[in-house]
Amino acid sequence: MDVRFSRHALYCQISRAELETLTSGRSVDLIVSLPRHRSFRVGVRSSAMSADRGGWQLESDPTGIWLTIPRAELEQLGQTETFAERLMRDFPVTSDQQMRVILEAVPDAQPEDRSVIEITPVHDPAE
């Protein structure tokens with residue numbers, strides 16, 4: 001799992017294998033080691049509860065963030081072999097701010113199937 005943060009968003013990208021782990025009822029964790037023998041954990045797990053019954057949950061403390069997603073919604077991901085698929089949910093942080101959580105399942109690509117475009121600025125020697 002890869003995780004990125006921005007001011008108002010938490011973006012988690014998982015592989016299809018990790019998606020299978022989640023839909024089987026197990027959790028997926030990213031543990032980041034920190035100085036002084038500390039770590040920060042981002043954990044994602046599935047819930048049998050539906051979204052309207054509280055299946056989506058976002059919890060945190062100084063040691064990590066835990067995201068719970070309804071299993072029925074997770075099972076909808078991973079239906080294509082070539083496209084990334086996303087689930088998104090907004091969570092209130094304060095009365096006027098929200099945190100958007102994005103979970104993206106990416107297709108498993110063979111290294112030879114991956115494309116990389118590198119853009120290098122052209123330096124004009126006349127400058």
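Contact check for His8 versus Met99: no side-chain heavy atoms found under the 4.5 Å cut-off. When side chains are defined from C-beta on, Leu10 counts as touching Ile65, because their heavy atoms get closer than 4.5 Å. Taking the side chain as every heavy atom from C-beta outward, Pro70 and Met49 never approach each other to under 4.5 Å. Val42 is not listed as a side-chain neighbour of Asp29, based on a closest heavy-atom distance of 4.5 Å or more. Contact of the Ser6 side chain with the Tyr11 side chain is not registered, since no non-hydrogen atoms from C-beta on lie closer than 4.5 Å. Leu30 has its side chain out of reach of Val44: every pair of non-hydrogen atoms, C-beta onward, lies at least 4.5 Å apart. Put simply, the side chain of Arg89 does not reach to within 4.5 Å of the side chain of Leu87, judged on heavy atoms. In this structure, the side chains of Ile31 and Phe40 stay at 4.5 Å or more apart for every pair of heavy atoms.
Pairs passing the side-chain hydrogen bond (donor to acceptor under 3.5 Å, both in side chains) check and including a residue from residues 33-45, sequence neighbours excluded, read Arg45-Thr68. Within the structure, salt bridge (charged side-chain N to carboxylate O under 4.0 Å, His left out) contacts touching residues 62-78 (residues at least two apart or in different chains) do not occur.
Applying the side-chain hydrogen bond (donor to acceptor under 3.5 Å, both in side chains) test to Ser24 and every residue at least two apart in sequence or in another chain returns Arg26. Contacts of Ser15 classified as side-chain hydrogen bond (donor to acceptor under 3.5 Å, both in side chains), with partners at least two apart in sequence or in another chain: Glu18. By the salt bridge (Lys or Arg N to Asp or Glu O under 4.0 Å) test, Asp90 is found to be paired with Arg100, residues two or more places apart in sequence or in another chain being considered. Scanning for salt bridge (Lys or Arg N to Asp or Glu O under 4.0 Å) contacts around Arg86 gives Glu104, with sequence neighbours left out.
Note that CG of Asp2 is 11.0 Å distant from CD1 of Ile14, once rounded to the nearest 0.5 Å. Taken to the nearest 0.5 Å, the CE atom of Met1 stands 8.0 Å off from the CG atom of Leu22. The CZ atom of Arg16 sits 11.5 Å away from atom OG1 of Thr23, with the distance rounded to the nearest 0.5 Å. In this structure, CG in Leu58 is found 6.0 Å from CG in Leu67, a value given to the nearest 0.5 Å.
In this structure, Ser27 contributes its side chain and Gly43 its backbone to no donor-acceptor pair below 3.5 Å.
Under a hydrophobic-cluster definition in which Ile, Leu, Val, Met, Phe, Trp and Tyr are linked whenever side-chain heavy atoms come within less than 4.5 Å, directly or via other members, Ile102 and Val28 are assigned to different clusters. Cluster membership check: Val3 shares its hydrophobic cluster with Phe91, using side-chain heavy-atom separations under 4.5 Å among Ile, Leu, Val, Met, Phe, Trp and Tyr.
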